Novice: 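Before I ask anything, here is the structure I am working with.
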Amino acid sequence: MIPPSRTPGSAEIVGNTIYLTFNRPEVDNCHRGILCTNPSTPNNPISGILFHVEYDTEADPSKNNFTEHARAGKWSFRERPSRNPAAAQSLLYVQKIGEIDPYKHGEVLDGIREILKGVPVGRENREVVLGKLREGEGNEVLEGYDCVVWTVDALRVLDERGIVRLSKDPAVFMAEARQSAWPGDIAELVTQSSGR
């Protein structure tokens, strides 16, 4: 695993790698997702694909920079290109969770995409497929669901399929990664990173 970093730099984000990401929050805590980086090329910054869920009323056609794979109520599973994640102002922290064989990058990325399409989106769908959420999971303001729930479920299935190797329960892994990102109030990290 990469050492903890509060503001990832270009040396910390490398090609052919799978990361758990913590991004500047829209609503609460940190927005979580999974970033798969592309092979590195000389003289170009690392790029990749971010897989995550978002809460909104509908796909915003003005954004036009994402692909929506699934929707449940106001929740949607999306992927969007990340041209230079190390320079993204919204990115607060990354935790390396896996690597992608550079000779099979497209095939592996397609496999990850298909696996993640199977992760239930929205509280109701999630509870039908995977069981009830525990006390304190999800955000009541966001229909009792959140990106943390989806990302933990996504990590679990990626671990079960051997795409990543977490060595512990994904919820525990997520909590430890959150502490590595910033042991205090996440609002302090957001404030600190605003000046980078």
Side-chain angles (χ1 to χ4, degrees), residues 1-5 8-23 30-54 59 63-72 75-88 90-121 125-126 129-130 147-174 176-178 180-181:
M1 289 191 211
I2 61 173
S5 171
S10 59
E12 294 171 15
I13 298 178
V14 297
N16 297 310
T17 305
I18 307 168
Y19 295 99
L20 167 62
T21 64
F22 290 71
N23 293 76
C30 277
H31 184 67
R32 316 288 165 79
I34 296 171
L35 173 68
C36 297
T37 58
N38 294 319
S40 57
T41 57
N43 302 319
N44 288 314
I46 297 295
S47 64
I49 301 288
L50 178 68
F51 296 100
H52 63 125
V53 293
E54 285 190 291
K63 289 183 182 177
N64 254 350
N65 65 343
F66 62 83
T67 301
E68 184 173 278
H69 292 293
R71 176 171 283 280
W75 281 101
S76 67
F77 164 52
R78 297 176 176 168
E79 77 173 74
R80 70 172 178 78
S82 182
R83 286 187 214 114
N84 184 0
S90 65
L91 186 60
L92 300 174
Y93 177 78
V94 295
Q95 179 76 48
K96 180 179 175 180
I97 57 174
E99 295 179 354
I100 301 172
D101 180 340
Y103 299 104
K104 297 180 180 179
H105 189 275
E107 178 184 328
V108 172
L109 189 61
D110 288 344
I112 290 170
R113 180 180 293 111
E114 288 308 309
I115 289 168
L116 295 179
K117 284 180 182 180
V119 176
V121 175
N125 289 338
R126 194 267 181 209
V129 175
L130 299 174
C147 61
V148 176
V149 171
W150 181 86
T151 305
V152 166
D153 291 341
L155 290 172
R156 182 168 283 113
V157 72
L158 289 172
D159 189 49
E160 289 169 354
R161 301 277 183 92
I163 302 293
V164 301
R165 301 264 187 241
L166 300 180
S167 75
K168 58 185 71 177
D169 180 81
V172 173
F173 181 86
M174 175 76 80
E176 289 176 0
R178 162 56 186 90
S180 292

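Everything numeric here is computed off the predicted structure, so don't read it as measured data.
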Novice: Taking all heavy atoms of I18 and all of E99, pick out the closest pair and write down the distance.
Specialist: CD1-O, 4.3 Å

Novice: Are F22 and M174 packed together at the side-chain level, in the sense that at least one heavy-atom pair is separated by less than 4.5 angstrom?
Specialist: yes

Novice: Any side-chain heavy atom of I112 sitting closer than 4.5 Å to one from I115?
Specialist: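 No. Closest side-chain heavy atoms not under 4.5 Å.
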
Novice: Looking at N38, T41, N84, which hits side chain to side chain donor-acceptor pair (under 3.5 Å) with S47?
Specialist: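 It is N38; the other options fail the test.
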
Novice: How far apart are the closest heavy atoms of L116 and F77, and which atoms are they?
Specialist: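 Heavy-atom minimum between the residues: CB-CZ, 3.6 Å.
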
Novice: Output the distance between atom NE2 (H105) and atom CD1 (I100), rounded to the nearest 0.5 Å.
Specialist: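 One gets 4.0 Å once the value is rounded to the nearest 0.5 Å.
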
Novice: CD/E54 to CZ/F66 distance, rounded to the nearest 0.5 angstrom?
Specialist: 7.0 Å

Novice: Considering non-hydrogen atoms only, spot the tightest contact between C147 and R32 and give its length.
Specialist: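 Closest pair (atom of C147, atom of R32, distance): SG-N, 3.3 Å.
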
Novice: Quick one: list whatever passes salt bridge (charged side-chain N to carboxylate O under 4.0 Å, His left out) with E160, sequence neighbours left out.
Specialist: none

Novice: Which heavy atom of A171 sits nearest a heavy atom of R156, and at what distance?
Specialist: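 Heavy-atom minimum between the residues: N-NH2, 4.3 Å.
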
Novice: Below 4.5 Å, heavy atoms only, C-beta onward: do H52 and T151 meet side chain to side chain?
Specialist: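 No, too far: nothing below the 4.5 Å cut-off.
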
Novice: R165 and D159: which non-hydrogen atoms are nearest, and at how many Å?
Specialist: CA-OD1, 3.4 Å

